[in-house]
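Contents: one structure, followed by commentary.
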Amino acid sequence: MGVLEKIKEIEEEMARTQKNKATEYHLGLLKAKLARYRAQLLEPTTKAGKAGEGFDVMKSGDARVALIGFPSVGKSTFLSKMTRTASAVAAYEFTTLTAIPGVIDYQGARIQLLDLPGIVEGASQGRGRGRQVVSVAKTADLIIMMLDATKSQEQRRLLEIELEAVGIRLNRKRPDVVFKQKTGGGIVINATVKLTKIDEKAVRTVLAGYKIHNCDVMIREDISIDEFIDVLIGTRKYIPCLYVYNKIDSVSLEMIEQLAQQENSVVISCEMGLNLDYLLVRMWDQLGLVKIYTKKRGEHPDLTDPICLRKGATIEHVCHGIHRSLVSKFRYALVWGKSSKFNPHAQKVGLNHPVADEDVVSIFTK
Ligand SMILES: Nc1nc2c(ncn2[C@@H]2O[C@H](COP(=O)(O)OP(=O)(O)OP(=O)(O)O)[C@@H](O)[C@H]2O)c(=O)[nH]1
Ligand SMILES: [K+]
Ligand SMILES: [Mg+2]
């Protein structure tokens with residue numbers, strides 16, 4: 001039996017099984033199995049389908065934003081508006097057939113915006129170019145899920161299912177669980193908080209489903225069984241997502257208001273150029289980039305050409321941003337700004353010092 005059939009069989013069994021206390025563990029086991037087969041589906045080595053390879057686009061700039069959506073929601077129109085790259089726009093579906101990269105220059109950062117083919121239901125199982133599209137989505141620092149404001153709200157849920165199916169977790173944090181596999185000693189489970197959604201038996205059932213008999217599990221937040229499975233699988237991608245409703249020029253004001261009030265959502269009209277600046281602000285916030293200005297000794301900081309880094313970046317990342325070989329010659333750095341202990345005065349720091357947005361940094365070398 002192929003992987004697809006096995007998946008279907010488990011899904012059918014899950015649908016048949018009533019959800020209650022008595023079936024809880026059995027369902028947990030089925031879920032674990034299902035997740036394992038789905039993971040196989042994405043392995044390049046299985047015969048279940050062609051490798052989950054993405055389109056061949058070089059990652060460039062300081063961050064990558066991927067446009068995911070059904071056909072004809074306006075993804076290419078958006079790329080053409082926001083960047084100097086033109087991507088074909090048309091009223092028919094599947095106009096775009098490959099990944100088209102464009103660049104947004106914003107706040108001194110270069111953000112790569114990727115226009116992608118529209119995906120359809122079943123994309124994660126290889127329908128259309130779906131598999132390729134979702135694997136590109138996995139490489140993004142932010143996903144813009146583009147939705148058509150004139151269409152049913154169902155579209156959003158369907159897309160979420162497709163992205164979930166390939167291991168993407170939208171707007172969620174990695175579960176706070178420490179999992180260590182061992183060669184002996186049995187299963188040791190500890191929790192530092194009260195667990196209301198799972199118990200030890202459920203955890204053991206899932207571990208048995210994965211044929212794991214020796215491990216340490218330290219659970220530090222009130223997780224669900226699905227989140228525990230994610231921890232075991234280990235390759236989940238936790239990516240921020242903005243739900244962008246396009247074509248608001250064609251819906252009522254009440255509708256616009258209702259869509260705009262949802263969490264993580266932004267309403268726009270590409271065609272009328274409505275709210276696009278605000279979307280940029282929201283994208284920037286979600287990406288969480290920090291700008292660092294460099295300063296040579298005795299000179300003013302260079303405010304025209306900041307180095308853009310991820311949140312959590314250190315002086316070491318700043319060095320890499322200036323020149324590859326700088327770290328090997330590094331002696332110390334002076335930092336002014338929010339990360340300086342003596343702000344507004346400078347602090348002398350080492351490579352591990354975490355920088356903050358708009359810090360000014362001077363590097364001193366040997
Ligand atoms: N009314 C309205 N129409 C829009 C807007 N933005 C795009 N469109 C129209 O929607 C249609 C599809 O636009 P595209 O940019 O090709 O959509 P796409 O998502 O890239 O489509 P595929 O590449 O086929 O997946 C075109 O006819 C656009 O003119 C908008 O803000 N309002
Ligand atoms: K189109
Ligand atoms: Mg397109």
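Throughout, residue positions are numbered sequentially from 1 according to the sequence presented. Note that ligands are numbered from 1 as they come in the structure, with each ligand's atoms numbered from 1 the same way.
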Sorted by chain and residue number, which protein N/O/S atoms are under 3.4 Å from the K ion (ligand 2)? S72 OG, A90 O, Y92 O, T95 OG1
With no hydrogens and no angle check, do the side chains of S76 and T96 hold a donor and an acceptor under 3.5 Å apart? yes
Please check this pair: side chain of Q112 against backbone of P101, looking for a donor-acceptor N/O pair closer than 3.5 Å. no
Would you please write out the protein residues whose heavy atoms approach any atom of ligand 1 to under 4.0 angstrom, listed by chain and number? P71, S72, V73, G74, K75, S76, T77, V89, A90, A91, Y92, E93, F94, T95, T96, G118, N246, K247, D249, S250, S269, C270, E271
State whether the side chain of D141 and the backbone N or O of R64 hold a donor-acceptor pair below 3.5 Å, judged by distance alone. yes
Protein N/O/S atoms under 2.8 Å of the Mg ion (ligand 3)? S76 OG, T96 OG1
Answer yes or no: is there a donor N or O on one side and an acceptor on the other, between the side chain of K81 and the main chain of L276, under 3.5 Å? no
So which of T314, D357, D359 actually passes side-chain hydrogen bond (donor to acceptor under 3.5 Å, both in side chains) with S339? D359
Under a 4.0 Å N-O cut-off, is there an ion pair linking E12 with K8? yes
Is K291 paired with D62 through a side-chain N to carboxylate O contact shorter than 4.0 Å? no
Test your reading of the model: is there a side-chain donor-acceptor pair from Y25 to the backbone of K201, 3.5 Å cut-off? no
When you check the side-chain N and O atoms of Y243 and E160, is any donor under 3.5 Å from an acceptor? yes
Restricting to salt bridge (Lys or Arg N to Asp or Glu O under 4.0 Å), what partner residues turn up for D176, sequence neighbours left out? R220
Exam field: side chain E227 to backbone S224, donor-acceptor pair closer than 3.5 Å: yes
Describe, in one word, how the ring planes of F364 and Y332 are oriented to each other, choosing from parallel (under 30°), tilted (30 to 60°) and perpendicular (over 60°). parallel
Are side-chain N/O atoms of S60 and R110 paired as donor and acceptor at under 3.5 Å? no
